[in-house]
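Contents: one structure, followed by commentary.
Every chain is numbered from 1 and lettered A, B, ... according to where its sequence line falls, protein lines coming before strand lines.
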Number of protein chains: 2
Amino acid sequence: MSPLQLFKCLAEDTRLKILLLLSEHGELCVCELTCVLELSQPKVSRHLAELRKCALLADERRGKWVYYRLNDTLADWARELLALTAARNPDLLAPLYQNLQRMHDKPQSLCSQPASEESS
Amino acid sequence: MSPLQLFKCLAEDTRLKILLLLSEHGELCVCELTCVLELSQPKVSRHLAELRKCALLADERRGKWVYYRLNDTLADWARELLALTAARNPDLLAPLYQNLQRMHDKPQSLCSQPASEESS
DNA sequence: TTCATATATATGATATTTCGCATGTAACTA
DNA sequence: TAGTTACATGCGAAATATCATATATATGAA
C-alpha cells in the first residue's frame, strides 16, 4: 500500500468517512453504513468495492449482511494515520455517530438493520 | 484545514512528494524542487500554487528565488500526519534526497541553484 | 534599457473520477 | 417455488483534475 494510493482513497468524502468510521468502530455492515452516511446504497457500495480492491478493507458475509472492517494486512503506519486523523477531527465523525445511535434506538426510523448484539 | 482538503492535496504524486520533502527538509526553493523532482517548472509551480491556496505552504521571495515551507498556521495533526508518512515510507523520499545531494555536489549537473549555505 | 534567470499563469486538450439509474445476484422466508 | 431484503455492478453523463505549451511577470546584472 503506497502512500499515494492510500491518500487517493482518503481524498473523497464518502471513502474518508467510511475509513475513519471503521478505524474507530471496528466493523459495520453495508446497510448500517448507508444509513449512517445518509447516502444511496449503490454509492456506498461502489466506494466500498474500491476500498476492497485497494486491500484497505476486508468484507465478510454473515447471512444476508456483509460486514466491512479494516483489512488485517493493512500496514501499521496506515492504521496509525487513520487513528490520528479520526482522533484529531472529532467534528467529522460526531454527526455520524449520532445517526448510528439514533438507528439503534429506533430501528425503523432510518432503515432496516441487522440485530444489534451490543454497541462497543 | 479539513481532513478531506488535506487528503486531496496529498492524492497526487507531485504534491505528495513536495509536502513530504518540506515536512522533513524545512525549506526549498522552486528550482531546487524542480530539479529534485525531475519535472517541468510549470508543473511544479502549478502544484505549489495549489498548495499555497490551500494554506498548506507559505512562500517567501529572497532575491530571484522563491522559497516554500510548510505554513506556520498548519494544524499540529496535519504536521504529525506528514511526519509520520515521511518517516514510515523512506523509499519514497530516498531517490529525491539523492537528487538533492547530487545537485549540491555538482551545481551545473542538473540545473542552476541558489548558493547553498549548508545542508541540514 | 536590455538581457538572462526564476517563477507564475492562461489556455485548450485529455484523462480520470464520480454519479444516478437500472439491473443483476445472493441469501433468507413463506 | 415465488417474494423480499441486502448488496454489487454495468453504463453513459457530468464534473473534475492534470497536462504541455506558450506567454507573462519579477528580479538582478550588464
Side-chain angles (χ1 to χ4, degrees), chain A residues 4-19 22 27-54 56-69 103 107-116, chain B residues 4-19 22 27-54 56-69 103 107-116:
Chain A
L4 183 57
Q5 195 180 15
L6 174 61
F7 290 130
K8 281 186 177 175
C9 287
L10 286 164
E12 198 275 336
D13 193 54
T14 302
R15 291 195 299 269
L16 172 61
K17 287 173 179 166
I18 289 173
L19 285 169
L22 294 178
E27 188 176 71
L28 289 169
C29 73
V30 179
C31 74
E32 286 175 314
L33 286 167
T34 301
C35 296
V36 166
L37 297 167
E38 299 178 277
L39 295 171
S40 74
Q41 176 269 317
K43 181 167 175 175
V44 171
S45 204
R46 188 182 312 280
H47 286 299
L48 286 170
E50 186 175 345
L51 296 174
R52 207 182 341 112
K53 274 166 200 148
C54 294
L56 274 166
L57 297 184
D59 63 331
E60 182 187 350
R61 178 179 281 273
R62 293 209 287 276
K64 296 202 294 187
W65 296 285
V66 176
Y67 288 84
Y68 281 85
R69 62 172 183 277
M103 188 173 76
Q108 300 79 9
S109 64
L110 287 167
C111 66
S112 66
Q113 59 167 352
S116 60
Chain B
L4 183 58
Q5 195 180 14
L6 175 61
F7 290 131
K8 281 186 177 175
C9 288
L10 287 164
E12 197 274 337
D13 192 55
T14 302
R15 291 195 299 269
L16 172 61
K17 286 173 178 166
I18 289 173
L19 285 169
L22 294 178
E27 187 176 73
L28 289 168
C29 73
V30 179
C31 74
E32 285 174 314
L33 286 168
T34 301
C35 296
V36 165
L37 296 167
E38 299 179 275
L39 296 171
S40 74
Q41 175 269 319
K43 181 167 174 175
V44 171
S45 203
R46 188 152 22 79
H47 286 299
L48 286 170
E50 186 175 344
L51 297 174
R52 208 182 340 110
K53 275 166 199 146
C54 295
L56 274 166
L57 297 185
D59 63 330
E60 181 187 351
R61 178 178 281 273
R62 294 209 287 277
K64 296 202 292 185
W65 297 284
V66 176
Y67 288 83
Y68 281 85
R69 63 172 181 278
M103 188 174 76
Q108 300 79 10
S109 64
L110 288 167
C111 66
S112 66
Q113 59 168 351
S116 60

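Counting only heavy atoms from C-beta outward, the side chains of B:Leu39 and B:Thr14 approach each other to under 4.5 Å. Side chains of B:Tyr68 and B:Leu28 form no contact here, defined as non-hydrogen atoms less than 4.5 Å apart.
Side-chain proximity of A:Ser40 to C:dA8, D:dT5, C:dG20: nearest is C:dG20. Checked against C:dT9, C:dG20, C:dA27, the side chain of B:Ser45 finds its nearest nucleotide in C:dT9. Nearest to the side-chain atoms of A:His47 among the listed nucleotides D:dA20, C:dT7, C:dC19 stands C:dC19. The nucleotide whose nearest atom lies closest to any side-chain atom of A:Lys64 is, among D:dG28, D:dA8, D:dA6, D:dA6.
When each of A:Arg15 and B:Pro42 is assigned the nucleotide of DNA chain C with its nearest heavy atom, B:Pro42 is the one assigned upstream, toward the 5' end. Judged by closest nucleotide on DNA chain C, A:Glu12 is the one of A:Glu12 and A:Gly63 placed further toward the 5' end.
Note: CG (B:Asp59) to C1' (C:dA6) measures 13 Å, nearest angstrom. We find that NZ of B:Lys8 is positioned 6 Å from P of D:dA17, with the value rounded to whole Å. D:dA26 atom C1' lies 16 Å from atom OH of B:Tyr67, rounded to whole Å. One atom, CZ of A:Arg62, and another, C1' of C:dA26, lie 17 Å apart when rounded to the nearest Å. Distance, A:Leu10 CG to C:dT18 P: 12 Å, rounded to whole Å. Protein atom NZ of B:Lys53 is 11 Å distant from nucleotide atom P of C:dA8, rounded to whole Å. Nucleotide D:dT27 holds its P atom 14 Å from the CH2 atom of B:Trp65, rounded to whole Å. For the pair B:Tyr68 OH and C:dA6 P, the interatomic distance rounds to 15 Å; values are reported in whole Å.
Look at B:Arg46 and you won't find any side-chain N or O under 4.0 angstrom from OP1 or OP2 of D:dT21. A sub-4.0 Å separation between OP1 or OP2 of D:dT9 and a side-chain N or O of A:Arg52 is present.
Remark: the B:Gln41 side chain and the C:dA6 base include no donor-acceptor N/O pair separated by less than 3.5 Å.
With B:Arg61 contributing its side chain and B:Gly63 its backbone, the two residues share a donor-acceptor pair below 3.5 Å. A donor-acceptor contact shorter than 3.5 Å is absent between the side chain of A:Arg15 and the backbone of A:His47. A donor-acceptor distance shorter than 3.5 angstrom exists from the side chain of B:Glu32 to the backbone of B:Cys29, with no hydrogens or angles considered.
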